[in-house]
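Each remark here refers to the structure printed beneath this line.
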Amino acid sequence: MLPKGRREYSDIDRKAVEKNYRAKKILMCGTGPDEYNRLSACDTAKEIWEALQTVHEGTTQVKQPKMDMLTTEYELFRMKDDESIQDMHTKFTSIINELHSLGDVIPRNKLVRKIINVLPGS
């Protein structure tokens with residue numbers, strides 16, 4: 001099968017090409033120089049999106065061990081003696097956000113209980 005020439009495009013084809021161009025532009029504008037070089041070889045917005053997902057989330061083979069590691073980190077999380085509450089909260093939020101981005105959402109009431117349990121008695 002041969003691809004269509006520009007003169008053979010219908011209105012639907014033109015709109016699809018325009019949408020792909022806009023999506024590519026938005027995705028590429030949101031990347032840094034290192035990612036830009038890696039993604040510039042992609043022809044469609046879908047290819048760019050899939051490449052970004054693989055880089056940032058990993059494949060399903062990588063995603064599950066990441067989730068397991070973060071879940072363990074969450075379960076073993078403790079506040080250190082020389083750590084401020086702000087620093088502890090920042091580390092805790094980072095773990096929770098990573099879990100959330102991988103699809104593991106922990107209910108707010110569990111998060112609150114976890115924070116209360118890791119605070120020192122003093």
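Applying the under-4.5 Å side-chain rule to Ile, Leu, Val, Met, Phe, Trp and Tyr, the cluster around Ile116 extends to Val112. Under a 4.5 Å side-chain heavy-atom criterion applied to ILVMFWY residues, the cluster that includes Leu119 comprises Met67, Met69, Leu70, Tyr74, Phe77, Met79, Ile85, Met88, Phe92, Ile95, Ile96, Leu99, Leu102, Ile106, Leu111, Ile115, Val118 as well.
The environment of Leu76 atom CG is dense: over 12 non-hydrogen atoms of other residues, nucleotides or ligands sit within 6.0 angstrom. The number of heavy-atom neighbours closer than 6.0 Å to CG of Asp11, taken from other residues, nucleotides and ligands shown, is 12 or below. At most 12 heavy atoms of other shown residues, nucleotides or ligands fall within 6.0 angstrom of atom CG in Asp81.
The minimum heavy-atom distance between Leu39 and Met28, with the atom names listed, is CB-SD, 3.8 Å. Nearest heavy atoms, Glu75 versus Lys114: O-NZ, 2.9 Å. In this structure, Cys42 and Ile48 approach most closely via the heavy-atom pair CB-CG1, 3.5 Å. Closest of all the heavy-atom pairs between Asp43 and Glu47 is N-OE1, 2.9 Å.
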Requested in this report: For side-chain contact (heavy atoms from CB on, under 4.5 Å), just list the numbers for Glu83 and Lys91, CA-CA rounded to whole Å, side-chain angles, deciding distance to a tenth of an Å, and then say yes or no.
Outcome: CA-CA 11 Å; Glu83 191 173 38; Lys91 282 186 358 187; 3.1 Å; yes
Query raised in the report: When you look at Glu18 and Arg14, which way does the salt bridge (charged side-chain N to carboxylate O under 4.0 Å, His left out) test go after all the steps?
Result: CA-CA 6 Å; Glu18 184 179 331; Arg14 284 187 190 89; over 6 Å; no
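No donor-acceptor distance shorter than 3.5 angstrom exists from the side chain of Ser94 to the backbone of Thr90, with no hydrogens or angles considered. No donor-acceptor distance shorter than 3.5 angstrom exists from the side chain of Asn20 to the backbone of Val17, with no hydrogens or angles considered.
How far CH2 of Trp49 is from OG1 of Thr54: 11.5 Å, rounded to the nearest 0.5 Å. Annotation: the span from Glu35 atom CD to Arg38 atom CZ amounts to 5.5 Å, rounded to 0.5 Å.
Contacts of Val105 classified as side-chain contact (heavy atoms from CB on, under 4.5 Å), with partners at least two apart in sequence or in another chain: His100.
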